Amino acid sequence: MAKTKTPQAIRGTQDIFGAEAEAFAFVVETFERVRKLYRFRRAEFPVFEKTEVFARSIGETTDIVSKEMYSFEDRGGESLTLRPEFTAGIARAYLTNGWQQHAPVKLATHGPLFRYERPQKGRYRQFHQIDAEIIGAAEPQADVELLAMADQVIRELGIEGVTLHLNTLGDGDSREAWRAALVEHFRAVKDELSEESQERLEKNPLRILDSKDRRDQRFVADAPKIDAYLSDEARAFFDAVTSGLDAAGVKWKRAESLVRGLDYYRHTAFEFIPDEGSAAADALGSQSTILGGGRYDGLIESLGGPATPAVGWAAGIERLAMLVDRSQAPLDLVVFAEVEGFEPLAFEINRLLSQGRGYSDSENLQVEYLYSGSLKKRYQKAKSTGAMRGLVVERHDEAICQVRLRDLNVDRERPVRNRVEEALAEHFELLETKHMNAHTWVLVERRK
RNA sequence: GCGAUCGUAGCUCAGUUGGUUAGAGCGCCGGUUUGUGGUACCGGAGGUCGGGGGUUCGAGACCCCUCGAUCGCCCCA
């Protein structure tokens, strides 16, 4: 009979385990904690939408729409797409659920996104983001609050050497005037630009500004600046954002050539980027932006809604996870039976110890119960778990059993004995004895 | 979509200019040893050398195709 072949995972997907999974969870937990402090409301959204939700809002010419969406037809022949980003779907939800009634509404979510791209360091086909949006607020104070929250998430993750890069794209008119000036500027030197930038000249001229090609960078330096094209309103808006950040104690840096990839952005645009030469920059390779976003006042209109101001950001969980250092907390105690037939009793005791007993997380014991292998193996495994001490369940002729606390890896100090005794005493009549160096309790009978 | 590097036991890898039954360490299982017991010793299971085709008397090693991984470009979190 032919052996069944194991199917492979889909390219660009990942199975996360061990320290990486702990780091991933830590990022999400930290985000959840901080968003509550800022009173952002948790929301959940479908991972797929009608294709037009993304096609109309993101911009038909962007690469995301033209070649990076995971799209397919359902049985009714309708084109659906796995979400490549959060914002468009959230805007759709805002309209179809009538969330105007809550405006301005502060939303937070996280989950998987999908982009049909070649995987590389810090980039996957299924990746995960945390996301925060404020919809229905036109005030620059909304940008400030959103950025302050982002800054706090990064700081509470313990990530160092990352700076907020900030720019404004102006309002619609400012942006168009600037864009026209840029096209004119670069068209004059078109033949000397890189091949990619010659393409971009027609499709997405703003993108030339952050080209990595040296040939382009010569001309980027003296390219027209957005500041010269800002309307008075747009300038006042940006000033209000920056002075708000200063007042809030959020450090930032002006990045005149920072533009966002998607069409719908207006006014504030920002990215949190590791500083040159920092440990964070090394860890991330060429995928350096860990959090990005901006104001997208035009988006909701493009989905058929009323003109609605909004700001938001998203951050790659995998990228953040690469910058935090998390391993599993050390194990305090392993519990196992030393005599065959005492396994159920050992598990009963294990359960007493791991049950929530009203302690805070830092006081609760991490306990693992061993049941497999020969008795010798159990000792071997007990040690290799790294547990500080072992609780061994032994036979006792005149009582239920005898429980002995033994040292395994005593390089760490963590008081365990009182906690164990307390848990046991709640359910058993105890007789405490000293036996050699080890602490021993005889479990005489169960309490009623 | 483009480019570079890579793909040998569960894991990390070695396999000399192509030459007899493909190896090591770790892990796993068993035995002996060890009277706080992850040690030491002995033994065992486990590999269509990513897959397909070709060159050759002979290929894990050379060529082509394909799949996958890693890193970079485009783009982007």
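Lettering of chains follows the sequences in order, A, B, ..., and the numbering in each one begins at 1. From a predicted model like this one, the values you see are computed outputs, not experimental measurements.
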N/O donor-acceptor pair, side chain K376(A) with base rU33(B), under 3.5 angstrom: yes

Return the value, rounded to whole Å, for the distance between atom [atom1] of [X] and atom [atom2] of [N].
| X | N | atom1 | atom2 | result |
| --- | --- | --- | --- | --- |
| Y296(A) | rA77(B) | OH | P | 14 Å |
| Q8(A) | rG7(B) | CD | C1' | 11 Å |
| I273(A) | rA77(B) | CD1 | P | 11 Å |
| E394(A) | rU36(B) | CD | P | 14 Å |
| H128(A) | rC76(B) | NE2 | C1' | 17 Å |
| L206(A) | rC75(B) | CG | C1' | 15 Å |
| R83(A) | rA77(B) | CZ | C1' | 14 Å |
| R207(A) | rC74(B) | CZ | P | 10 Å |

Tell me which nucleotide among [options] gets nearest to the side chain of [X].
| X | options | value |
| --- | --- | --- |
| Y379(A) | rA77(B), rC75(B), rG37(B) | rG37(B) |
| R123(A) | rC74(B), rG38(B), rU70(B) | rC74(B) |
| K377(A) | rG3(B), rC29(B), rC74(B) | rC29(B) |
| R319(A) | rG30(B), rA77(B), rC67(B) | rA77(B) |
| R406(A) | rU33(B), rG1(B), rU36(B) | rU36(B) |
| S286(A) | rG68(B), rG72(B), rC76(B) | rG72(B) |

Is the distance from OP1 or OP2 of [N] to the nearest side-chain N or O of [X] less than 4.0 Å?
| X | N | answer |
| --- | --- | --- |
| R200(A) | rC75(B) | yes |
| Q120(A) | rG72(B) | yes |
| R404(A) | rU36(B) | no |
| R11(A) | rC67(B) | no |

What heavy-atom pair brings [X] and [Y] nearest, and what distance separates the two atoms?
| X | Y | value |
| --- | --- | --- |
| A108(A) | F31(A) | CB-CZ, 3.8 Å |
| G293(A) | Y265(A) | C-CE2, 3.8 Å |
| E394(A) | V339(A) | CA-CG2, 4.2 Å |

So what's [N] paired with, Watson-Crick or G-U wobble, going by both distances under 3.5 Å?
| N | answer |
| --- | --- |
| rG72(B) | rC2(B) |
| rU55(B) | none |
| rC26(B) | rG10(B) |
| rC41(B) | rG31(B) |
| rU36(B) | none |
| rG60(B) | none |

NZ/NE/NH1/NH2 to OD/OE distance under 4.0 Å, E338(A) and R404(A): no

Checking D131(A) against T109(A): is there a side-chain donor and acceptor pair closer than 3.5 Å? no

Would you say Q14(A) and E318(A) are linked by a side-chain donor-acceptor pair, where the criterion is simply a distance under 3.5 Å? yes

Could you give the distance separating [M] and [N] at their [atom1] atoms, to the nearest angstrom?
| N | M | atom1 | value |
| --- | --- | --- | --- |
| rG46(B) | rA22(B) | C1' | 14 Å |
| rG23(B) | rG31(B) | C1' | 25 Å |
| rC73(B) | rC64(B) | P | 27 Å |
| rA14(B) | rC29(B) | C1' | 25 Å |
| rU66(B) | rC28(B) | P | 42 Å |
| rU48(B) | rU8(B) | P | 13 Å |
| rC62(B) | rU55(B) | C1' | 8 Å |
| rA59(B) | rC49(B) | C1' | 11 Å |

For [X], which contact category applies under a 4.0 Å heavy-atom criterion: base, sugar-phosphate, or nothing?
| X | answer |
| --- | --- |
| E271(A) | nothing |
| G285(A) | sugar-phosphate |
| Y124(A) | base |

Ranking G316(A) and K121(A) by the position along RNA chain B of their nearest nucleotide, the one closer to 5' is K121(A)

Could you check T289(A) against P119(A) and say which one's nearest nucleotide on RNA chain B is further toward the 5' end? P119(A)

Between F336(A) and the options Y379(A), Y371(A), Y369(A), the ring pair (Phe, Tyr, Trp, His ring centres under 6.0 Å) test singles out Y379(A)

Say whether, by atom type as modelled, one donor and one acceptor occur between the side chain of R11(A) and the main chain of R118(A) under 3.5 angstrom. no

